[in-house]
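To keep things clear, I will list the structure first and then write my remarks on it.
These values consider heavy atoms only, across backbone and side chains, with no hydrogens, waters or symmetry-generated copies.
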Amino acid sequence: MTLTNLIKKQLLFNKKISNVTVCYEVKEIDFNYIDFQEEGLYCAIQEWISKYYGIALTPIDVKYDRVKNKYIFNIPQISG
């Protein structure tokens, strides 16, 4: 499942905005290519949407794996 579809499903899961379609075009992302993880982008966008619209979304559990030298994002699957 793509990040866009996962965000869309989570937003539609929230009954406050279940009949609204919101589309954003991300034109630029400034990040360090060495440290970039796609899952982190999902979490950042989800947090922004949550704060901007005042929606209570489930926080993502994130842990750092020192052996792999990367963050592990436990992103739940949204049914529906």
Side-chain angles (χ1 to χ4, degrees):
M1 177 177 298
T2 66
L3 294 175
T4 303
N5 288 340
L6 192 56
I7 291 170
K8 183 178 177 183
K9 280 189 173 192
Q10 189 156 2
L11 284 173
L12 293 177
F13 188 73
N14 186 308
K15 301 205 184 304
K16 279 175 62 176
I17 61 168
S18 62
N19 294 322
V20 175
T21 299
V22 178
C23 181
Y24 288 96
E25 179 180 354
V26 178
K27 295 190 180 234
E28 183 178 336
I29 300 172
D30 185 19
F31 60 90
N32 183 334
Y33 286 96
I34 294 172
D35 296 329
F36 179 74
Q37 289 182 239
E38 186 175 335
E39 309 92 328
L41 183 58
Y42 167 82
C43 294
I45 291 172
Q46 176 184 292
E47 184 174 347
W48 176 81
I49 288 170
S50 177
K51 288 180 179 178
Y52 186 82
Y53 289 105
I55 302 169
L57 297 175
T58 305
I60 303 299
D61 180 42
V62 181
K63 292 182 173 49
Y64 183 72
D65 185 328
R66 290 184 187 272
V67 175
K68 293 181 180 179
N69 192 31
K70 65 183 273 185
Y71 287 94
I72 306 301
F73 298 87
N74 295 312
I75 300 173
Q77 294 296 317
I78 306 298
S79 61

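Gly40 and Phe73 get closest at one heavy-atom pair: CA-CZ, 3.5 Å. Nearest heavy atom pair, residue Leu57 against residue Gln46, reads CD1-CG, 3.5 Å. Residue Asn74 comes nearest to Ile60 through the heavy atom pair O-CG2, 3.8 Å, listed as atom of the first residue, atom of the second, then distance.
Between Glu39 atom CD and Leu41 atom CG the span is 10.0 Å, to the nearest 0.5 Å. Summarising the geometry, atom CD belonging to Gln37 is positioned 9.5 Å from atom SG belonging to Cys43; distances are rounded to the nearest 0.5 Å. With values rounded to the nearest 0.5 angstrom, Asp65 atom CG is found 8.5 Å from Asn69 atom CG.
In this structure, Asp30 places its CG atom where only 12 or fewer heavy-atom neighbours from other residues, nucleotides or ligands lie under 6.0 Å away. Remark: Phe36 CZ is packed, more than 12 non-hydrogen atoms of other residues, nucleotides or ligands lying under 6.0 Å away.
With hydrophobic clusters built from ILVMFWY side chains whose heavy atoms lie under 4.5 angstrom apart, Tyr64 does not share a cluster with Ile72.
Here the side chain of Ser50 pairs a donor or acceptor atom with the backbone of Ile55 at under 3.5 angstrom.
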